[in-house]
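A short worksheet on the structure shown next.
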Amino acid sequence: MRAAFLRALGGPEQIEVGDLPVPRPRAGEVLLAVRASSLDPVDALVRSGAFPTGTPFPFVLGRDAVGTVIDAGTGAEDLLGRRMATSSLGHDGRQGAWASAAVVPRERLYPVPEEVEDAVLAAALHPASTAHLALHRHGRLVAGETVLVVGGAGNVGGALVAEAARCGARVVATARRRDAERVRALGAPGTAGTETGTRRDDGAGTVTTVDHTDTDAADQLRELLGGRADIVVDTSGRLDPELVADLMAVRGRIVVIAAPPSPPRIPLARLYTRDVSLHGFVISRATVEELADAARGTMRLLQETPWRPRITRTVGLGAARSLHEALDAHAVDGRVVVLPT
Ligand SMILES: NC(=O)c1ccc[n+]([C@@H]2O[C@H](COP(=O)([O-])OP(=O)(O)OC[C@H]3O[C@@H](n4cnc5c(N)ncnc54)[C@H](OP(=O)(O)O)[C@@H]3O)[C@@H](O)[C@H]2O)c1
């Protein structure tokens, strides 16, 4: 099969594209004929070794895949012929998705709604799963709460905005003026919203934006949110911790998914005295159950909200090395779909 793979960790120059033997699924596993995969920021950390994880060589890159089950080990035969998706290949000892075929344990395979295209789902899984885990597993979102999303126009940010609004949160998001309308359109005012069935406040499901490039952006955020943010997710990792402390409600949750290059000073005294908690996570450590829950959340997001991943490029495996060069240069805009051609 054709694949993009490594024989050693390192820079993008370590990536080879060529033929590898087709793997055989063992008991409880399937062989997925990959129809679409994607490029995730974490791929660079796995390739370089910055995120230490099992990478048996030759190691196929890529995390997310949508495809058709073409072979099955004992106990997975019922899945033969089905169109399914996965979001956790290419780390922790599992081979990746940037290949024409990939072995997937059945507990990491998810049913796919018929109406959602392969490319859309492949591009959606990583950011939407991250958003789901941030808001629900780590943020413990309740309808009627107020959520600040920093980077609302980004990949994870857009999914956070749409999911929080869908669940009946009042959302404030940072986004440049050029992106503001698109981000506000992710709101869900007046919808029934929530699975939790709790009280809905005025403003539930609405999205307000603040342009983070405005010189008075911090003051705008203080005015909108001062002391009232129940959940803050900063996808840029750049929000001033002192400002975050100004915004947090008592018992608020700060969910950390990204960090600035140099360690920030966290005003712990101002946080603990308001019962504010800090929850960091990386999706690479999510359990099988959490990932399955997040995949269901992704399908719901695609079916029930206007959010779609912003696909900016669709490329074949031959582009693998240049994609990783772009990742290393922080020059990837939007979502890139990778086809096994
Ligand atoms: N922990 C995890 O499991 C996990 C999973 C997935 C992703 N991540 C991380 O999450 C981060 C976001 O990923 P992504 O794919 O969503 O990236 P992205 O699409 O580039 O989004 C980042 C957003 O941050 C905004 N931004 C940049 N600087 C800002 C600032 N100073 N103030 C406010 N907003 C600012 C950008 O807006 P402008 O460009 O308009 O300024 C952009 O909308 C990355 O660091 C990624 O590695 C973590």
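Just so you know, residue 1 is the first one in the sequence shown, and it goes up from there. Remember, it's 1-based here, ligands and their atoms both numbered in the order they're listed.
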Answer yes if the side chains of S87 and R108 hold a donor-acceptor pair under 3.5 Å, and no otherwise. no
Please check if the side chain of E77 supplies one atom and the backbone of G75 the other of a donor-acceptor pair under 3.5 Å. yes
My understanding is that a hydrophobic cluster links ILVMFWY residues whose side chain heavy atoms are under 4.5 Å apart, including indirect links. Using that, what else belongs to the cluster containing L247? L148, V150, V172, V210, L221, L224, L225, V232, L239, L243, V244, M248, I254, V256, I266, L268, L271, V276, L278
Side-chain donor-acceptor pair under 3.5 Å between H132 and E290, yes or no? no
Does any N or O in the side chain of R335 come within less than 3.5 Å of the main-chain N or O of L39, such that one atom is a donor and the other an acceptor? yes
Check: H138/R253 side-chain N/O donor and acceptor closer than 3.5 Å: no
Tabulated below should be the N or O atoms of ligand 1 paired with protein N or O atoms at under 3.5 Å; can you produce that?
from: ligand 1; atom 1: 1 (N); to: I257; atom 2: O; distance (Å): 3.2
from: ligand 1; atom 1: 1 (N); to: F281; atom 2: O; distance (Å): 2.9
from: ligand 1; atom 1: 3 (O); to: I283; atom 2: N; distance (Å): 2.7
from: ligand 1; atom 1: 15 (O); to: N155; atom 2: ND2; distance (Å): 3.0
from: ligand 1; atom 1: 16 (O); to: N155; atom 2: N; distance (Å): 3.2
from: ligand 1; atom 1: 16 (O); to: V156; atom 2: N; distance (Å): 2.8
from: ligand 1; atom 1: 19 (O); to: N155; atom 2: N; distance (Å): 2.9
from: ligand 1; atom 1: 19 (O); to: N155; atom 2: ND2; distance (Å): 3.1
from: ligand 1; atom 1: 40 (O); to: R176; atom 2: NE; distance (Å): 2.7
from: ligand 1; atom 1: 41 (O); to: R176; atom 2: NE; distance (Å): 3.3
from: ligand 1; atom 1: 41 (O); to: R176; atom 2: NH2; distance (Å): 3.1
from: ligand 1; atom 1: 41 (O); to: H212; atom 2: NE2; distance (Å): 2.8
from: ligand 1; atom 1: 43 (O); to: G154; atom 2: N; distance (Å): 3.2

